[in-house]
There are 2 protein chains.
Amino acid sequence: MTITDAATARPADPAEFELPPACESGAFDAESSEARIVRDVLARVGDKWSLLVIRMLHEHPMRFTELQRSIDGISHRMLTQTLRNLERDGLVTRTSYPEIPPRVEYAATELGRSLALPVLGLVEWASTHHASITGARERFDVTRA
Amino acid sequence: MTITDAATARPADPAEFELPPACESGAFDAESSEARIVRDVLARVGDKWSLLVIRMLHEHPMRFTELQRSIDGISHRMLTQTLRNLERDGLVTRTSYPEIPPRVEYAATELGRSLALPVLGLVEWASTHHASITGARERFDVTRA
DNA sequence: CTGTATCCTTTTGGATACTG
DNA sequence: CAGTATCCAAAAGGATACAG
């Protein structure tokens with residue numbers, strides 16, 4: 001993804017991706033724009049934290065600190081940023097109750113919940129095949145010294 | 001992922017992840033190690049090119065240059081590196097025919113093909129909902145100036 | 001509690017030259 | 001053709017201080 005520091009550099013140009021400069025001798029637009037779509041979505045879902053947040057919010061709405069506690073290694077800054085991106089993409093909602101101290105609830109949207117489905121498929125694949133991958137890695141690494 | 005430059009820094013320590021320093025007051029091992037597994041697999045599949053390579057090889061085996069031509073923006077270096085990582089994880093095989101000039105064929109393994117399934121689910125989700133995301137982004141951005 | 005801003009390190013990845 | 005190595009720019013992300 002572009003969007004260097006979405007939480008920080010707010011007034012910058014949003015929604016800006018690396019459109020390949022319409023290179024001539026390559027694949028066609030149909031294919032390459034579909035590739036962009038896939039990369040685009042995968043970039044959102046594939047970054048370090050988005051999936052884990054989506055997954056937590058798929059169960060029930062949660063507030064900021066609750067999420068931070070339940071996600072283990074996530075930093076304050078990255079949680080904010082991840083939530084902002086997910087909100088921007090219409091995958092979660094943010095509801096702020098003007099109390100004191102402030103309370104903010106995050107929840108998955110319909111879109112976010114629909115994303116959770118294929119994502120959970122991937123999660124299941126990961127659990128099922130993780131050992132195979134680890135094994136393959138070890139074998140690969142020893143044969144290379 | 002760790003593995004700074006897998007194609008380059010070969011003799012370094014492989015298979016090394018950021019094990020959280022067994023922090024006391026947080027989630028339990030069961031949860032946090034499962035989270036690592038998910039992040040781990042997602043890191044492989046979620047980087048800039050792996051998925052696209054997996055997807056191409058899911059259709060039929062291909063050789064290096066063929067892949068490079070069909071993937072559009074990928075650089076020589078990143079294709080090598082991505083293939084090396086996928087090979088290491090047991091997701092693709094590399095078969096080199098000692099001809100001159102050399103010919104190398106890459107193919108998805110059984111494991112790689114099984115990964116393609118949930119991945120294609122995600123790809124389908126991406127195609128279906130990409131417009132929603134784009135729309136949400138635009139709405140979000142205009143309400144922020 | 002929630003969020004923003006700053007600083008700084010690590011990682012990612014492109015360009016490019018060179019090898020068998 | 002396939003692969004490796006070097007160099008360098010950009011991006012990701014953690015720590016931390018601070019504000020409402």
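Per chain, numbering begins at 1; letters A, B, ... match sequence-line order.
Across the protein-nucleic acid pair, B:D47 atom CG and D:dA12 atom P stand 14 Å apart, rounded to whole Å. Atom CG in A:L86 sits about 13 Å away from atom P in C:dG3, given to the nearest Å. Rounded to an integer number of Å, the gap from CZ of B:R77 to P of D:dA9 is 15 Å. Computed from coordinates, the A:M78 CE to C:dT11 C1' distance equals 13 Å when rounded to whole Å. Remark: P of D:dA5 and CG of B:L79 are 17 Å apart, rounded to the nearest angstrom. One atom, CZ of B:R69, and another, P of D:dA2, lie 9 Å apart when rounded to the nearest Å. Here the P atom of nucleotide C:dG13 and the CG atom of B:L52 are 12 Å apart, to the nearest Å. If you measure from atom CH2 of A:W49 to atom P of D:dG13, you get 9 Å, rounded to the nearest angstrom.
Every ring pair (Phe, Tyr, Trp, His ring centres under 6.0 Å) that A:F64 has, sequence neighbours left out, goes to A:H76. In terms of the side chain to side chain contact (heavy atoms under 4.5 Å, CB included) criterion, residue partners of A:T65 (sequence neighbours excluded) are, by chain and number, A:R69. Every residue two or more places apart in sequence or in another chain that forms a side chain to side chain contact (heavy atoms under 4.5 Å, CB included) with B:R94 is listed here: B:R84, B:E87, B:S96, B:V104, B:Y106. Residues that satisfy the side chain to side chain contact (heavy atoms under 4.5 Å, CB included) test with A:A136, not counting sequence neighbours, are A:R139. Residues satisfying the side chain to side chain contact (heavy atoms under 4.5 Å, CB included) test with B:P102, not counting sequence neighbours, are none. Scanning for ring pair (Phe, Tyr, Trp, His ring centres under 6.0 Å) contacts around A:H129 gives A:W125, with sequence neighbours left out.
Among pairs with a residue in residues 116-127 of chain A, none fulfils salt bridge (charged side-chain N to carboxylate O under 4.0 Å, His left out), at least two apart in sequence or across chains.
With hydrogens and angles disregarded, no donor-acceptor distance shorter than 3.5 Å links the side chain of A:S50 to the backbone of A:D47.
In this model, the phosphate group of D:dA2 is approached by a side-chain N or O of B:R63 to a distance below 4.0 Å at OP1 or OP2. Applying the 4.0 Å criterion to OP1 and OP2 of D:dG14, one finds that A:K48 has a side-chain N or O inside that range. Contact annotation: A:R94 does not reach the phosphate of C:dT2 (side-chain N/O to OP1 or OP2, under 4.0 Å).
Comparing B:F64 and A:S75 against DNA chain D, the residue whose closest nucleotide sits nearer the 5' end is B:F64.
Checked by distance alone, A:H76 brings a side-chain donor or acceptor within 3.5 Å of a matching partner on the base of C:dG3.
Recorded end-axis angle for the helix from C:dC1-D:dG20 to C:dG20-D:dC1 stands at 40°, based on five pairs per end and rounded to 10 degrees.
With rounding to the nearest 0.5 Å, the separation of CH2 in B:W49 from OG1 in B:T82 is 8.5 Å.
The side chain of B:T65 approaches D:dA2 more closely than any other nucleotide in the set C:dT6, D:dA2, C:dG13.
Proximity of residues 95-109 of chain B to DNA chain C (heavy atom under 4.0 angstrom from any strand atom) is restricted to B:P102.
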